[in-house]
Amino acid sequence: MPDRGKRLDRRAFVVLLPGAALSVAGCVTRPAAQPVYLGPTAKQVSYVTHERPGTIVVDPTNHFLYFVQKGGQAIQYEVGVGKEGYGWSGLAAVHDKQEWPDWYPTREILERKPEIRQAMVPLQSGYGMHGGPENPLGARALYLWQGRVDTLYRIHGTNEPETIGHDVSAGCIRMRNEDVIDLYDRTTVGSKVIVLAGRVV
């Protein structure tokens, strides 16, 4: 795990978004005096941003996802993010939401982990794994698209809660099931999602 002490101070940052000029997405300027704890990792914190309430901002470097609220506040969740080389950053929207979603691994995932082929069965959209507690997508999934194009990246739950707070996935944003259910209930289809660049080298 990278040394947190050598990371860029996220109190001041600029991120490049595809097709856009440099833009300041938002930043936590100070901790709330008394954070309000809302669940396993969720808490309400002070968060100054120009983004509208309902926007999701993912900070992969610090393993946090922020759900922007009114009045300079946000709900902060701890997340697991993509391993080096698999992370994705940019601007997207929530195109769809699914409860206990089926999982359709990409060809690249099947090539990296051929042992999972034995768990695949024919589903409505091809070979995959039925939704449920053993499914890697966990209890809920938010599907991220750019316009009419599926990014193939998701914000989803996990059956491996010990991985939260680490760089572990093939690029998707993992949350504890309790947290992703909470976010799912707060989020509407069409919500804006900003995934910040993971690291400055």
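Note: hydrogens, waters and symmetry copies are ignored here, and every other heavy atom, side chains too, is used.
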Distance-only donor-acceptor check, side chains Thr41 and Arg176, under 3.5 Å: no
Do Leu152 and Val81 belong together in a cluster built from hydrophobic side chains that touch within less than 4.5 Å? no
A side-chain contact here means heavy atoms from C-beta on lying under 4.5 Å apart; do His156 and Arg140 qualify? no
Main-chain N/O of Thr187 paired to Lys97 side chain as donor or acceptor, under 3.5 Å: yes
Taking all atoms of both residues into account, what is the closest heavy-atom pair of Leu123 and His130, and its distance? CD2-CE1, 3.0 Å
Validation row: Trp100, Asn135 side chains within 4.5 angstrom (heavy atoms): no
Report yes if some heavy atom in the side chain of Arg154 is under 4.5 Å from a heavy atom in the side chain of Asp150; otherwise report no. yes
Do Val58 and Val94 share a hydrophobic cluster (ILVMFWY, side-chain heavy atoms under 4.5 Å, transitive)? yes
Please report the interatomic distance CG(Leu110) to CD(Glu115), rounded to the nearest 0.5 Å. 10.0 Å
Would you say Leu183 and Ile164 are hydrophobically clustered, going by side-chain heavy atoms of ILVMFWY under 4.5 Å? no
Distance in Å, Ser191 OG paired with Arg186 CZ, rounded so as to fall on 0.5 Å steps: 12.5 Å
Compare all side-chain heavy atoms of Glu178 with those of Pro161 and state whether any distance is below 4.5 angstrom. no
Separation of Leu196 CG from Leu65 CG (nearest 0.5 Å): 10.0 Å
When rounded to the nearest 0.5 angstrom, what is the spacing between CE in Met129 and CD in Glu134? 8.5 Å
Can you check whether Tyr66 reaches Thr49 side chain to side chain, under 4.5 Å on heavy atoms? no
What orientation do His63 and His166 show, parallel under 30°, tilted 30 to 60°, or perpendicular over 60°? tilted
Measuring from atom CD1 of Ile56 to atom CD1 of Ile155, what distance do you get when rounded to the nearest 0.5 angstrom? 4.5 Å
Evaluate the side-chain proximity of Asp182 to Tyr77: yes if any heavy-atom separation is below 4.5 Å, no if none is. yes
With a 4.5 Å cut-off on side-chain heavy atoms, are Gln76 and Tyr47 touching? no
Evaluate the side-chain proximity of Ser46 to Gln73: yes if any heavy-atom separation is below 4.5 Å, no if none is. yes
